Amino acid sequence: MSAEVLTEEFEVLESIYPTELSIVSDREIQIDVEPDEAIDNDHPFKLQLSVHYPDEYPDSLPHLTLVAIEGELEDTEHEALLDSLTEVGEENVGMAMTFTIVSHLREQMTSLVRKRADQLMAEETEKERLAIEAEEARTRGTPVTVESFKAWKIKFTREMTQKKTKDEEEKLRALSPKEREEWKRAATRPTGRQLFEKNKNLEHDDDSFVEEGAVSVDISQYDRSQLRAHEDDDDDGDGVHFSDSD
């Protein structure tokens, strides 16, 4: 490699990258590289490309190193970028290739940033979808089936019974012995509903209201004259009669 050739290339690079280029030695430079487009300003991305030139350059590829100075670079991304830069260098063997390598790196970084942005958007969209589904499921509730209702009813009844028992125990503990006895007697008395149900059952039990040997009377067997006679007899026996004579 001619020192003159490398010096000339350094001069060209300095004119193109006045603030990005750093000359480490006569065989090594460093260039800060950013994407062609600032797609995501909230997540800056900048790499430092180190180029070490062998004696055979440009007939031999330079040794390339990438380091993230802003943002992050995953191992898989790092490997993919270096492979891509090596491929471009191989296509330009025999020529000054540093500018071409840097230009390609800028393009690849732009593609990488776009890919990251698309992936981030897809993740946000998925999160929103899951949040919407969760909210719909919460407001919609669980569909009620016969089996689920029976299970709920059994659980609800058991819980209410336990709560009632607990409440009664707490009330009893707060009562005096005399009050407890009165409470127990009151608890054993039949309720109004129980008395109603009992009387209702008695109404349907005819034998409880009919004396043994009693004969039923059918009023339809009597004619009107017989009924009048009975009424007259009743009047004679109970009423007061007045005579025309003194």
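Predicted model, so just to flag it, every value in this text is computed and none were measured.
- Of the possible polar contacts, one joining the E77 side chain to the E74 backbone as a donor-acceptor pair under 3.5 Å is found.
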Can you list, pair by pair, the side-chain donor-acceptor contacts under 3.5 Å of residues 145-152, counting residues two or more places apart and other chains?
from : atom 1 : to   : atom 2 : distance (Å)
T145 : OG1    : S148 : N      : 3.1
T145 : OG1    : S148 : OG     : 3.1
S148 : OG     : T145 : N      : 2.7
S148 : OG     : T145 : O      : 3.0

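- Side-chain contact between H52 and T65 is absent, with no heavy-atom pair separated by less than 4.5 Å.
- Here the CD atom belonging to E170 is positioned 11.0 Å from the OG1 atom belonging to T165, to the nearest 0.5 angstrom.
- Other residues, nucleotides and ligands place no more than 12 heavy atoms under 6.0 Å from the CD atom of E87.
- In this structure, CZ on R116 lies 12.0 Å from OG on S111, to the nearest 0.5 angstrom.
- Interatomic distance, CG of L81 versus NE2 of H104, reported as 8.0 Å (0.5 Å rounding).
- Between R129 and E133 a salt bridge is recorded (basic side-chain N to carboxylate O distance below 4.0 Å).
- Contact of the F99 side chain with the V12 side chain is not registered, since no non-hydrogen atoms from C-beta on lie closer than 4.5 Å.
- The heavy-atom pair separating E70 from P44 by the smallest distance is OE1-CB, 3.3 Å.
- Inspection of the T98 and E9 side chains reveals an N or O donor paired with an N or O acceptor under 3.5 Å.
- Note: the hydrophobic cluster containing L82 also contains Y57 (ILVMFWY, side chain heavy atoms under 4.5 Å, direct or indirect links).
- By the neighbour-count criterion of 12 heavy atoms within 6.0 Å, atom CD of E72 is sparsely surrounded, having that number or fewer from other residues, nucleotides or ligands.
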Exercise. Quick one: do E90 and L61 satisfy side-chain contact (heavy atoms from CB on, under 4.5 Å)? Show the steps, please.
Key: CA-CA 7 Å; E90 291 175 347; L61 295 179; 3.5 Å; yes
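- Using a 4.5 Å cut-off between side-chain heavy atoms of Ile, Leu, Val, Met, Phe, Trp and Tyr, with links allowed through other members, I69 and L21 fall into different hydrophobic clusters.
- One hydrophobic cluster, built from ILVMFWY side chains closer than 4.5 Å, cannot hold both V67 and L105; they sit in different ones.
- Evaluated for a side-chain hydrogen bond (donor to acceptor under 3.5 Å, both in side chains) with D167, the options K171, K163, K164 yield exactly one hit, K163.
- The two residues I29 and I31 have their closest heavy-atom pair at CD1-CD1, 4.0 Å.
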Practice problem: Walk me through it: do T100 and M95 pass the test side-chain contact (heavy atoms from CB on, under 4.5 Å)? | Solution: CA-CA 10 Å; T100 304; M95 299 180 292; over 6 Å; no
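- Looking at every heavy atom in both residues, S103 comes nearest to Y17 through OG-OH, 4.3 Å.
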Self-check item: Criterion side-chain contact (heavy atoms from CB on, under 4.5 Å) on L47 and M109, from CA distance to verdict
Solution: CA-CA 9 Å; L47 300 179; M109 291 176 65; 3.7 Å; yes
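- To the nearest 0.5 Å, the span separating NZ on K115 from CG on D118 amounts to 10.0 Å.
- In this structure, CG in L66 is found 5.0 Å from NE2 in H78, a value given to the nearest 0.5 Å.
- I101 and L73 fall within the same hydrophobic cluster, where Ile, Leu, Val, Met, Phe, Trp and Tyr residues are linked whenever their side-chain heavy atoms come under 4.5 Å apart, directly or through other members.
- The heavy-atom pair separating L64 from L85 by the smallest distance is CD1-CB, 3.8 Å.
- What you find for P58 and M97 is that their closest heavy atoms are O-CE, 3.8 Å.
- Of all non-hydrogen atoms in T110 and D36, the two that sit nearest each other are OG1-N, 2.7 Å.
- To the nearest 0.5 Å, the span separating CG on L13 from OG on S15 amounts to 7.5 Å.
- Heavy atoms from other residues, nucleotides or ligands lying under 6.0 Å from CD of E79 number 12 at most.
- V24 and V33 fall into different hydrophobic clusters, where Ile, Leu, Val, Met, Phe, Trp and Tyr are joined by side-chain heavy atoms under 4.5 Å apart, directly or via other members.
- Ion pairing between a basic and an acidic side chain is recognised when a charged N comes within 4.0 Å of a carboxylate O; K166 and E169 show no such pairing.
- The backbone N or O of M121 sits less than 3.5 Å from a side-chain atom of T125, completing a donor-acceptor pair.
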Exercise. Take D55 and R27 through the side-chain contact (heavy atoms from CB on, under 4.5 Å) test and state the conclusion after the steps.
Key: CA-CA 9 Å; D55 293 339; R27 289 179 178 271; 2.4 Å; yes
